[in-house]
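Data first, discussion second: the structure below is written as structure tokens.
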Amino acid sequence: MTPLQKSILNAVKRRPMTLRELQNNLQVDNSRLRTTVSAMVATGELSMRNGTYVPGFATYENTNAPDTIPCTLVKLAARFGFASRDDGEGDIFIPGRALHGAMPNDKINVKLFDHPRVEGSSEGEVVEVTVPNNRFAGTVCLSEDGRMAVEPDGCRDVKFLLAKQGSEGVHLGDKVGFLITHRGNRHSDHRAAVVEKFGSSDYASECAKAILYGRNVRQEFPPEVLEEARAYDNAVVDPAEVAKRLDLRGIPIFTIDSAETKDIDDAISLQKLEDGYELGVHIADVSHYVRPGSALNEEAFERATSIYYADKVIPMLPTQLSNGICSLNEGEDRLAFSCLMRLDEKGEIHSYKFVKSVICSRVKGVYKEINALLEPEEGADLSELQTKYAAVLEQLPTMDELYRKRLVLRKARGGMDIESNEAKLVMDENGRCVDIVKRDRGTSECMIEEFMLLANQCAANAGRTNKVPFVYRVHEAPDAEKMEKLSATLLACGLNAKFKNPIPTQLELSALLDETRGQPIQIPVHTGILRSMQKARYAPQPLGHYGLVLADYAHFTSPIRRYPDLAIHRILSEMLQGVSNSQLQKDFNEFAQQASEKSSKQEVAAVRIERDVEDLYKAEYMHNHLGEVYTGTVAGITPRGVFVELDNTVEGFVPAAQLCKGEPQVIDGVSMLDPLTGKSWMLGSSMKIQVAAADVALGRIDFEYMVE
């Protein structure tokens with residue numbers, strides 16, 4: 001900040017001033033003063049109020065606001081917002097009048113009110129925007145006086161007027177990327193300019209582009225990353241490197257994935273022994289190609305994860321690696337990091353070792369095809385599949401046998417199997433959603449998941465027992481208060497959910513999951529239990545995994561698409577080379593901490609994007625089915641209305657006004673009663689609905705209740 005800017009700011013802090021008053025007060029050249037004031041208004045350091053200048057909300061200091069709390073604004077609506085405290089101590093409610101123009105993802109300072117309207121809550125006022133966020137995506141609309149404006153995504157009824165320059169060719173309903181070019185003291189004073197035009201908000205694909213823009217997703221790789229990746233165009237493994245490794249090309253190793261998978265990072269092998277099994281989980285050795293200090297590594301660290309949505313992927317690594325030299329493609333020699341495990345007759349791990357290897361996958365297995373071989377339908381002709389899988393066919397029954405034993409062990413320890421109701425979006429050649437089907441997991445999907453879990457368990461055990469820096473996948477025990485609320489909800493549903501202790505055992509929760517599986521109440525119960533849990537995350541400390549009931553767990557098996565896996569490959573590689581523990585601590589202590597924090601943050605962002613984009617495509621599909629009638633299951637109840645989920649996983653909202661003639665009564669959060677008619681609706685009950693509206697831009701679907 002220049003001396004003149006500081007003088008201007010100090011002057012308007014004492015009292016609001018006009019430009020003439022500032023000139024008289026500071027005795028500075030008029031032209032220079034005007035230029036400086038205009039620049040400070042543009043950056044938010046000053047604001048105009050009733051013809052005078054006052055401090056803005058992007059000032060570098062605010063001595064009039066002591067005891068403020070650094071926060072990030074995380075939610076904004078027309079009349080309120082929520083700020084998340086940077087110290088992790090929860091959220092602060094900000095009334096509309098106290099937002100002072102702050103926007104989502106602004107770094108702000110908040111001063112708490114001495115007397116919040118709700119006793120015990122945190123409520124406050126934005127007194128300073130320290131780091132403004134001016135990049136957003138939104139939908140072009142009209143202001144109340146009929147001028148062209150834009151509504152930011154996720155900020156209903158918040159509108160900014162568009163500058164004429166740059167908004168040529170923009171139409172009502174378009175999805176756009178825009179910048180806030182001028183900030184006022186209120187949202188209505190902000191001004192915006194369009195910098196990206198995506199297309200009509202009637203199409204999910206255009207809305208998805210806007211979401212990616214608004215959340216600063218890195219879609220293109222920087223030139224230096226692409227330059228490094230080009231070195232792997234049509235690459236083959238180096239014979240000199242092969243000579244240093246355990247050669248496993250002579251044993252029948254193969255992959256099992258979905259038919260459309262192109263980034264294949266895991267393969268398996270299994271041999272039946274006299275006293276048990278030898279299971280091999282062979283993972284692409286990405287760490288051999290993505291080295292510390294490289295542009296490839298820096299970019300992978302920043303992205304931390306691939307993002308999968310609809311029929312597209314934003315990869316963590318360029319295709320030369322993700323689909324090329326690192327992908328365990330059928331019939332091609334590949335460098336791998338293998339976890340070779342010995343299991344006893346019961347399927348318990350007896351011993352394991354990690355080795356650098358070279359493998360050659362015999363066949364690209366497909367889940368659907370493997371399921372057909374493992375559980376053949378009566379009269380099915382499997383000759384073609386048997387020919388395709390001839391090289392590995394003998395392993396399949398043994399794999400199924402080991403999986404069944406592992407399943408028994410998982411159930412015995414209380415491992416939770418929560419039905420997630422994942423959807424598969426079916427797209428046409430134009431990228432439009434033409435069908436939605438529930439994604440069912442067959443035996444092969446569950447089998448591969450269990451084998452990967454074993455390798456992940458061994459990797460974490462190696463890190464913990466050798467006391468080296470590591471990146472663990474941790475899932476801490478749930479919060480007792482949340483569990484108390486869950487228990488009350490489940491009891492109100494008529495379930496036996498009286499836990500012996502404030503925090504239930506995994507066996508208790510697993511029993512509830514199994515009891516309701518396949519029942520009408522399954523959706524709300526499984527979803528309720530999931531939402532009551534802590535979120536799994538990455539950490540440099542071995543805190544265990546509550547949901548899997550494992551003391552040791554890490555992510556080792558997907559280094560093409562997850563950075564934590566790549567990180568521990570790098571650490572384990574150094575261990576195998578005999579690097580001392582003290583040197584490992586020196587090399588990787590800070591790295592493990594940074595990788596854990598960054599990967600946890602990026603995972604949350606990626607999951608939110610994937611879910612939000614899926615909602616867009618679901619709304620696009622249902623928009624083509626307006627007026628059609630379905631029967632769904634009541635999955636959520638609020639005072640405003642109920643959420644109904646259809647068999648294809650689509651969820652829509654039915655307003656309470658359609659259900660109740662009187663004032664609706666919500667009982668224990670599990671049922672809604674109309675006191676005038678005596679009708680009630682409960683979680684898990686069926687409801688006949690008609691599709692009333694589907695807003696693609698908002699990813700929102702509204703149902704109309706059909707009286708049966």
Side-chain angles (χ1 to χ4, degrees), residues 203-209 211-212 255-266 305-315 322-323 327 364-375 377 385 417-450 452 517-518 522-523 526-527 530 557-558 560-562 603 606-625 628 630-633 635 643-652 691 694 696 699-701 703:
Y203 299 119
S205 57
E206 311 305 329
C207 297
K209 293 175 187 175
I211 282 180
L212 298 173
T255 66
I256 307 179
D257 287 279
S258 59
E260 58 272 14
T261 300
K262 295 178 181 177
D263 50 351
I264 305 172
D265 47 15
D266 58 85
T305 180
S306 296
I307 301 174
Y308 297 86
Y309 69 94
D311 56 348
K312 295 179 175 60
V313 59
I314 300 172
S322 63
N323 296 6
S327 186
K364 180 189 176 182
V366 176
Y367 287 130
K368 189 175 180 180
E369 296 173 351
I370 299 289
N371 289 337
L373 290 167
L374 290 174
E375 299 173 341
E377 295 181 2
L385 287 181
D417 186 11
I418 298 177
E419 298 290 343
S420 59
N421 276 3
E422 290 184 29
K424 180 179 181 180
L425 306 175
V426 181
M427 319 298 290
D428 67 12
E429 63 277 6
N430 297 315
R432 311 288 183 240
C433 186
V434 293
D435 198 8
I436 301 170
V437 293
K438 186 176 177 180
R439 195 185 294 274
D440 291 321
R441 294 196 311 158
T443 297
S444 66
E445 288 94 335
C446 298
M447 182 174 74
I448 292 301
E449 179 185 88
E450 184 63 30
M452 296 304 114
R517 201 178 309 279
Q522 173 187 297
I523 294 172
H526 284 233
T527 302
L530 182 63
T557 55
S558 294
I560 289 177
R561 63 182 180 89
R562 290 189 307 227
E603 180 191 36
V607 168
R608 189 171 292 132
I609 288 169
E610 289 168 358
R611 287 176 180 168
D612 289 349
V613 170
E614 183 175 282
D615 287 344
L616 302 177
Y617 280 95
K618 286 181 175 180
E620 179 179 70
Y621 172 75
M622 296 308 290
H623 190 268
N624 294 323
H625 296 269
E628 294 186 14
Y630 298 86
T631 298
T633 301
F643 291 93
V644 177
E645 184 172 312
L646 306 184
D647 289 341
N648 63 2
T649 76
V650 167
E651 188 175 85
V691 183
V696 180
R700 178 188 169 98
I701 300 163
F703 293 154

Looking at side-chain heavy atoms only, is the closest gap between [X] and [Y] below 4.5 Å?
{"X": "E651", "Y": "I701", "value": "no"}
{"X": "Y308", "Y": "I609", "value": "no"}
{"X": "N430", "Y": "Y203", "value": "no"}
{"X": "V696", "Y": "M622", "value": "no"}
{"X": "D417", "Y": "R517", "value": "yes"}
{"X": "E645", "Y": "V650", "value": "no"}
{"X": "L212", "Y": "I314", "value": "yes"}

Over all heavy atoms of both residues, which pair between [X] and [Y] is shortest? Give the atoms and the distance, please.
{"X": "A310", "Y": "M427", "result": "CB-CE, 4.2 Å"}
{"X": "S322", "Y": "S327", "result": "O-CB, 3.5 Å"}
{"X": "D265", "Y": "S558", "result": "OD2-CA, 3.1 Å"}
{"X": "L646", "Y": "G632", "result": "CD2-CA, 4.0 Å"}
{"X": "R432", "Y": "S205", "result": "NH1-OG, 3.2 Å"}
{"X": "V644", "Y": "F703", "result": "O-CE1, 3.5 Å"}

Kindly compute the distance separating [atom1] ([X]) from [atom2] ([Y]), expressed to the nearest 0.5 Å.
{"X": "R561", "Y": "D263", "atom1": "CZ", "atom2": "CG", "answer": "7.5 Å"}
{"X": "D435", "Y": "N624", "atom1": "CG", "atom2": "CG", "answer": "11.5 Å"}
{"X": "I560", "Y": "N323", "atom1": "CD1", "atom2": "CG", "answer": "8.0 Å"}
{"X": "E610", "Y": "Y309", "atom1": "CD", "atom2": "OH", "answer": "10.5 Å"}
{"X": "T527", "Y": "Q522", "atom1": "OG1", "atom2": "CD", "answer": "8.5 Å"}
{"X": "I211", "Y": "D612", "atom1": "CD1", "atom2": "CG", "answer": "5.0 Å"}

List for me each residue that meets side-chain hydrogen bond (donor to acceptor under 3.5 Å, both in side chains) alongside [X], sequence neighbours excluded, and say none if there are none.
{"X": "T557", "value": "none"}
{"X": "D257", "value": "none"}
{"X": "H526", "value": "T516"}
{"X": "Y630", "value": "E628"}

Results of ring-ring contact (aromatic ring centres under 6.0 Å, His included) for Y621 - residues two or more places apart only: H625
Stepwise side chain to side chain donor-acceptor pair (under 3.5 Å) test for E375 and T443: CA-CA 8 Å; E375 299 173 341; T443 297; 2.8 Å; yes
Over 12 foreign heavy atoms within 6.0 Å of CG, D647: no
Other residues, nucleotides, ligands: >12 heavy atoms within 6.0 Å of K424 NZ: no
Pairs satisfying salt bridge (charged side-chain N to carboxylate O under 4.0 Å, His left out), at least one member in residues 615-624, at least two apart: E614-K618
[X] side chain to [Y] main-chain N or O, any donor-acceptor pair under 3.5 Å?
{"X": "S444", "Y": "V366", "value": "no"}
{"X": "K364", "Y": "T261", "value": "yes"}
{"X": "E450", "Y": "M447", "value": "no"}

Side chain to side chain contact (heavy atoms under 4.5 Å, CB included) evaluation trace for L425 with I436: CA-CA 5 Å; L425 306 175; I436 301 170; 4.0 Å; yes
Test log, rule side chain to side chain contact (heavy atoms under 4.5 Å, CB included), inputs D266 and M452: CA-CA 8 Å; D266 58 85; M452 296 304 114; 3.7 Å; yes
From CA spacing to verdict: salt bridge (Lys or Arg N to Asp or Glu O under 4.0 Å), E449, R441: CA-CA 10 Å; E449 179 185 88; R441 294 196 311 158; 2.8 Å; yes
Stepwise side chain to side chain donor-acceptor pair (under 3.5 Å) test for T649 and R439: CA-CA 9 Å; T649 76; R439 195 185 294 274; over 6 Å; no
